[in-house]
Amino acid sequence: MAFSLGECLLRYQLKRNNMKPAEFARRMGVSRQYVNDLMKGETTMSLIFSINAGYILNCEPTDFYRLKLEV
């Protein structure tokens with residue numbers, strides 16, 4: 001039994017914090033395109049990115065993805 005990453009919840013976390021993706025990108029020091037790619041699931045966050053994003057968005061690094069149970 002193992003877990004894998006499912007849907008990215010970054011869009012939800014941004015909305016919860018009333019923050020636009022462009023503002024989040026600026027605060028994280030990344031491009032708006034990178035944030036779009038994360039939200040579309042075209043790329044995944046590194047652990048250090050999720051820790052920093054969690055600090056900015058007042059949530060835990062594990063709050064950015066739904067986890068899928070692989071059996």
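The structure displayed is predicted, hence computed values, not measured ones. Positions are given from 1 along the sequence.
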### Query
About how many Å separate CG of Leu38 and CE of Met28, when rounded to the nearest 0.5 Å?
9.0 Å
Closest heavy-atom contact between [X] and [Y]?
{"X": "Phe64", "Y": "Cys59", "result": "CZ-SG, 3.4 Å"}
{"X": "Leu9", "Y": "Tyr65", "result": "CD1-C, 3.9 Å"}
{"X": "Phe24", "Y": "Ala53", "result": "CZ-CB, 3.7 Å"}

Evaluate the side-chain proximity of [Y] to [X]: yes if any heavy-atom separation is below 4.5 Å, no if none is.
{"X": "Asn52", "Y": "Ile56", "value": "no"}
{"X": "Leu67", "Y": "Thr62", "value": "no"}
{"X": "Leu14", "Y": "Leu57", "value": "yes"}

## Note on the structure
The complete set of side-chain hydrogen bond (donor to acceptor under 3.5 Å, both in side chains) pairs with one or both residues in residues 15-35, sequence neighbours excluded, reads Gln13-Arg16, Glu23-Arg26, Arg32-Asn36, Gln33-Asp37
Spell out, yes or no, whether [X] and [Y] are grouped together once hydrophobic residues are joined by side-chain heavy atoms under 4.5 Å, including indirect joins.
{"X": "Leu47", "Y": "Phe49", "result": "no"}
{"X": "Tyr12", "Y": "Leu10", "result": "no"}
{"X": "Val30", "Y": "Ile51", "result": "no"}
{"X": "Tyr55", "Y": "Ile48", "result": "no"}

## Note on the structure
Sequence neighbours excluded, the answer for side-chain hydrogen bond (donor to acceptor under 3.5 Å, both in side chains) partners of Glu70 is Ser4
### Summary
Residue pairs meeting salt bridge (charged side-chain N to carboxylate O under 4.0 Å, His left out), one or both in residues 50-68, sequence neighbours left out, come to Glu7-Arg66
